[in-house]
Amino acid sequence: MNPNDPGAALAIAVVLFVLGLLGVMVRRNLLFMLISVEIMLNAAGLAFIAAGTRYHMADGQVMFLMILAYAAAEAAVGLAIVLRMHAAGRATLDADTGNRLKG
Amino acid sequence: MSISLLLYGLVAICATAMVITRTAAVHALLYMVVALLALACVFDTLGAPFAALLEVIVYAGAIMVLFVFVVMMLNIGSPAEQREKSWLSGGIWVVPSLLALGLLVTLLIGLRSGAVPAIVQGAAPIGPREVGLALYGPYILTVELSSFLLLAGLVSAFHIGRRIGGAGIAPLHPDGVHVGVNEHRGVDR
């Protein structure tokens, strides 16, 4: 196994992605679901960087930067929706009550 | 060097497992910061120092601080933690764990069957110079599109949070209130 071996990094990325997916499926709190989505985006970025290392090209890191921008936009909009739901008088952050969101 | 990669990956995986099993949001966020820092170490070991720096600055520095601010604003008390514990108890883990395990096994088998040896042995890391040349050369359209996306995210976040609730909470912008009062006085005169 050499330092540039992308197989181990891809395995780590797969495990992280599955953990994030498990978090999205199990948790009912919207905040934890957003954190789990961030975990999955991170795992995708790790896979891109491992691929960029394997072919020794900068494109993997470019795609990681794009994923970073997407994650930032998604976190901003998701957290704004969470704050809006909480400020509208909802006591819990239960995702099952999100169908009553208005406005 | 590969041992350090596996070590950092193990730290990231353990911290991520702690993230999705916590009941207190702040504990989960702190474990998430640990996982992100370990992942930055993985990036650096893989020869991507620029991505490692951005992971620390943007993810662990900006996005996690945003989450911490939201947790502070939500003012979640101990009843919420009890509710989280009641949500996470019982057999709720069984079926999602089986599904996730199936996906994990499938992906790992796919990785093993499609594994190819690395071309470059001990190559130099890809620094910010190469990334910047690629970013503003063939990928310039992608940069513009992601700037559109960030602008759309900014506008929609502002639009969603512009006027919070109708339950007697004061509006966000004090200047608007002031202007409104002045107009009202003008009408009175």
Side-chain angles (χ1 to χ4, degrees), chain A residues 1-12 14-16 18-23 25-29 31-32 35-36 38-39 42 46 49-50 52-56 58-62 64-66 68-73 75-77 79-84 86-89 92-93, chain B residues 1-2 5-6 9 12-13 16-17 19-20 25 28 32 39 42-43 46-48 50-51 54 58 63 66-67 70 73-74 80 83-84 87 92-93 96-97 100 103-104 107-108 111 115 118-123 126 130-131 134-135 139 142 146 149-150 153 156-157 160-161 164-165 167 169:
Chain A
M1 211 184 264
N2 64 70
N4 285 323
D5 177 27
L10 278 179
I12 294 169
V14 164
V15 174
L16 285 178
V18 167
L19 279 175
L21 184 65
L22 183 64
M25 284 194 290
V26 167
R27 304 306 295 251
R28 282 174 70 188
N29 194 326
L31 202 63
F32 284 94
I35 294 174
S36 299
E38 296 288 331
I39 292 171
N42 253 308
L46 177 57
I49 289 201
T53 300
R54 189 247 178 259
Y55 294 102
H56 200 259
D59 302 37
Q61 293 189 54
V62 171
F64 173 75
L65 289 184
M66 298 309 146
L68 211 63
Y70 303 156
V77 176
L79 289 175
I81 291 176
V82 166
L83 274 183
R84 182 66 185 261
H86 186 262
T92 76
L93 290 179
Chain B
M1 209 162 161
S2 184
L5 174 72
L6 290 180
I13 288 170
T16 307
V19 168
I20 64 170
M32 185 72 191
L39 213 56
V42 169
F43 289 169
L46 280 174
F50 187 51
L54 282 178
V58 178
I63 298 181
L66 198 65
F67 273 93
V70 169
M73 288 174 72
L74 288 181
R83 201 183 310 116
E84 282 285 327
W87 283 351
I92 194 172
W93 287 92
S97 298
L103 180 64
L104 178 67
L107 284 175
L108 284 181
L111 273 186
I119 298 176
V120 186
Q121 306 273 339
I126 305 168
E130 287 89 349
V131 178
L135 200 60
Y139 285 101
T142 324
S146 67
L149 181 84
L150 283 176
S156 55
I160 290 169
I164 294 187
I169 302 172

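Reminder, nothing fancy here: chain letters follow the sequence lines and each chain counts from 1.
In this structure, A:Tyr70 has no side-chain hydrogen bond (donor to acceptor under 3.5 Å, both in side chains) partners at least two apart in sequence or on a different chain. Evaluation of the side-chain contact (heavy atoms from CB on, under 4.5 Å) rule for A:Val77 yields A:Ile81, B:Ser156, B:Ile160 as partners, not counting sequence neighbours.
Side-chain contact between B:Leu74 and A:Val82 is present, with at least one heavy-atom pair separated by less than 4.5 Å. The shortest distance between side-chain heavy atoms of A:Glu38 and B:Val19 does not fall below 4.5 Å. Side-chain contact check for A:Met66 versus B:Leu135: some heavy-atom pair is nearer than 4.5 Å. With a 4.5 Å cut-off on side-chain heavy atoms, B:Thr142 and A:Val62 do not count as touching.
For chain A, the option among B:Ser146, B:Ala100, B:Gly9 with the highest count of heavy-atom pairs below 4.5 Å is B:Ala100. In terms of non-hydrogen atom pairs under 4.5 Å with chain A, the most contact-rich of B:Pro96, B:Ala157, B:Gly153 is B:Pro96. When each of B:Ile92, B:Val42, B:Leu66 is scored by its heavy-atom pairs under 4.5 Å with chain A, the top score falls to B:Leu66. Here A:Leu79 is the residue among A:Leu79, A:Val14, A:Ile12 with the most heavy-atom pairs under 4.5 Å with chain B.
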Item to complete: For side chain to side chain contact (heavy atoms under 4.5 Å, CB included), just list the numbers for B:Ile20 and A:Phe32, CA-CA rounded to whole Å, side-chain angles, deciding distance to a tenth of an Å, and then say yes or no.
Response: CA-CA 7 Å; B:Ile20 64 170; A:Phe32 284 94; over 6 Å; no

Practice prompt. Give the intermediate values and the outcome of side chain to side chain contact (heavy atoms under 4.5 Å, CB included) for residues B:Phe50 and A:Leu65.
Written response: CA-CA 10 Å; B:Phe50 187 51; A:Leu65 289 184; 4.2 Å; yes

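Only the side chain of A:Leu21 comes within less than 4.5 Å of a heavy atom of chain B; its backbone N, CA, C and O stay farther away. Contact of B:Leu149 with chain A is made through backbone and side chain together, with heavy-atom distances under 4.5 Å.
A donor-acceptor pair under 3.5 Å is formed between the side chain of A:Thr53 and the backbone N or O of B:Leu46. Distance alone, capped at 3.5 Å, is enough to place a donor-acceptor pair between the A:Gln61 side chain and the B:Ile126 backbone.
Minimum interatomic distance between B:Ile63 and A:Ala71 (heavy atoms only, all atoms of both residues): CD1-C, 4.2 Å. Between A:Ala72 and B:Leu150, the shortest heavy-atom distance links the atoms CB-CD2, 4.5 Å. Closest approach of A:Ala8 and B:Leu5 over heavy atoms only: CB-CD2, 4.1 Å.
Taking CG of A:Leu46 as the start and CZ of B:Phe43 as the end, the distance is 5.0 Å to the nearest 0.5 Å.
The side-chain contact (heavy atoms from CB on, under 4.5 Å) test with B:Leu39 singles out one residue from A:Ile49, A:Leu16, A:Ile39, and that residue is A:Leu16.
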